[in-house]
Amino acid sequence: MTSSSPVPGALRTEVARDGETIVFVAADRLLEAMTWLKETPGQEFEYLVDVTAVEFRDRERPLEVVYFLRSLKRRADIRIKVELPATAELAVDSVWGLWRGADWLEREVFDMFGITFRGHPDLRRILMWETYAEGYPLRKSFPLRGRFSRAEQVRQALNINPEANYSLEELSIAEAAGDLPDDMRDRLRRGERGVIPEPPPPTAA
Amino acid sequence: MSKRTVELELATPGVDAEGRPARVPLTASGEPSLAEEHMLVNIGPQHPATHGVLRLVVELDGETVVRCIPHLGYLHSGFEKLGEYRHYNQIIPLTDRTDYLSPMSNNVGFALAAEKLMGIEITPRCTVLRVIACEMSRIISHMVWLGTTSIDLGAFTPFLWAFQERERIYDLQEMWTGARLTTSLTRVGGLMADIPDGFVEKLRHFTQTFPKTLAEIDRVLTRNAVWAGRTQGVGTLTAAEAINYSLSGPMLRASGVAYDVRKDKPYLGYETYDFDVIVGEHGDVFDRYLLRLEECHQSNRILQQAVDRLPDGPINVDDPRVILPSKTRAMSDMEAMIFHFKQVMEGVKAPVGEAYVGIENPKGELGTYLVSDGTAKPVRWRIRPPSFINLSALPRMAEGHLLSDLIAINASVDIVMGEVDR
Amino acid sequence: MKHVAETKEISGQSPNYLVAKFQDLVNWAVNSSRANSLWPMPFGTACCAIEFMATAASRFDFARFGMERQAFSPRQADVLICAGRLPFKLAPVIRRIYDQMPQPKWVISMGACASTGGVFDNYAMVQGIDTIVPVDVYVPGCPPRPEGLLYGILLLHKKIKGESLFDAVKRREEQPLDDKGLRLPPETIDEISEPFGNSVHQFRSS
């Protein structure tokens, strides 16, 4: 299906009820499209407003991952959507490398919908605890009150280990290791303490 | 400096055979070496200075923050899931509870998005009243911020002054909506109630005396050596970084980016009001403080203009499919009763489609994204949370600073955990 | 047939008049001191925490009740005021903080969310902190007005003044979690967490 939109990988264009242009992009060309939108002169969408996902009540419809982009310079907005059929693997490429703001936003989409973002450096649950066993809350197949009984939910909640023991006297980094992000744990294992990993320089506006 | 290899049994959990935590000595001699060790300190989730239930895991080299990892979710209340099970007007009370420091602002943001989705134009009086609500919310939010930040940095008295001003706005909110904090002011197509008699005079009196309190706070804090010493140069973010981290509101403007939703994508007629957008230079905590203080002055200015131009007329749009007919008409007229019944039992149905409206919340750009499938309950209610996104820049801002600076930086982000965690 | 009646001590109060009066005096002294200088541990999570702060501020001012010294460390606190909603992720935190408080300790559940889960009858919210910690006073409201919180505090004062050091029934005792890690049996938790009122009907998505 061809589209009149200049965005690479565009499948079709729609207009939302608030007047904004929505461009549907193929999932495998998302990163290409996003890079084009950010870096092409004349597009320059240097500001990521939001990343979220939508699942419809009609189970035949695919899930949509929605990106809200804004160009502060040109005062323009655009909405990019990627459709993911619910029957296939729910995964898209991460735009963390382009906009650092996508960091926690993508983690939240993962937490709530179970959509994996390939290339995200630290994709863990962010709102629920990491060993949360009931599923992905914002899916339509997830009931409002959760899957387990209230007593079971209380019991599971009381058995989360909320903290590791960080006292200097014990030096029990082994206990804290369970709570640390993977790269930090690897750094500690290699003995590189005090070495702050160089954050990739943010691209200029 | 001796190099130490950390031997960790990471395949197993850190417990021994009896289930007790395993202690792993990290030095060859088994003795902890204070000079070289980094400490892992846990701040929160219950802590007076984290402004809510935020947990910061901080790796410290002495007093210097090497790395800071925020853990969220301790106030996750399932708002967005609940929204899918509620009619549009039933979601309005939920919006109070996300950013509970500026509840009217949230109410307005959601109502604007629902009205955009349904294609409803609100009346002129409702427009001006909503501007008044938003600016009152901005003042009370900044007053909480000011009060709690000064407590964090050691100054207790501005907290009491700020909260006294808040009480005056709370009186106005209570006069108008009946509630001090959980106002539920707006409805789709209008407001819950018109302002009562005496509201305008009381609001005018507030706008006349509020600058004096701001001047007092300014006199006590701005040129204070301790305050300036603890906030200048601390937690700096460049404009490019602020844009890349998707910051918004005072955080973005303090770093020098002149973006204010009220000026750049105006709503509620903000383009007709005369006010300045404050932009900072250095992007540090001191700039954010000055910016928010000055924003209170500008909000005061807008309130004075809004109160002067308040037009007469109805507050609700004249559409019985959206607004409940009055009780007398519902009891006497058959058609009105049917409309009343349908709205209460089935809710107001929105057309198929989606809408996003972003407003300038005191914390940043609060966006509401509503997707509808033609029923009375949204398919998806997404809150674009300014505090959540602003907080993601905290690790970047805190690296290399002292632990006490971390507290100042955390305070300057102006988070409200209800919105961060939703 | 000889019938031996079993006498059970129903009250720790001594039958001796002088000792009983002495016990009353001690109870009065201890309970008044405890009630009139309750140091609150503000476990503030959400909107109720803002009303708690307003109660602490100059207009309502609970310093008049001896509560000005807020103990942010549970080791130095008397009353845990849970102000705000409690999600499941925060449940082990409040239990640990409650366990860290030394006896005598009381709990005020401030607001509808802390008492019953409030408007949040969903997967994420604990339906009342009494499933996790024992509660002495429930203050309803969403959020309760500062006057409401003060009334709850005064009710707690009344409760404290009715306690007795000498009576096993009225003494404060530690109530640890059972071996399954719960405070109440699972059936009780399910029963008190059941939806009620409008919540019974509001679980259909469309």
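Each chain gets a letter, A, B and so on, in the order its sequence line appears, and its residues count up from 1.
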C/Ile132 portion near chain A, given a 4.5 angstrom heavy-atom threshold: side chain
Largest heavy-atom contact set with chain A, pairs under 4.5 Å, which of C/Asn122, C/Leu90, C/Ile189: C/Asn122
Contact origin within A/Phe148 toward chain C - heavy atom pairs under 4.5 Å: neither
Euclidean distance, A/Arg155 CZ relative to C/Thr131 OG1, rounded to 0.5 Å: 14.0 Å
Closest approach of A/Pro137 to C/Tyr123 (non-hydrogen atoms, all atoms of both residues): CB-CZ, 3.4 Å
Region of C/Pro195 in contact with chain A, defined by heavy-atom distances below 4.5 Å: side chain
Where C/Lys89 and A/Met128 come nearest, the two heavy atoms and their spacing: NZ-O, 3.6 Å
Interatomic spacing from CZ in A/Arg145 to CE in C/Met125 - rounded to 0.5 Å: 13.5 Å
C/Tyr151 OH: over 12 foreign heavy atoms closer than 6.0 Å: no
Nearest atoms (heavy-atom pairs only) where A/Ala151 meets C/Leu182: O-CD2, 4.1 Å
Atom pair CZ (A/Arg150) and CD (C/Glu191), whose distance is rounded to the nearest 0.5 Å: 15.0 Å
Heavy-atom neighbours of C/Glu68 CD exceed 12 at 6.0 Å: no
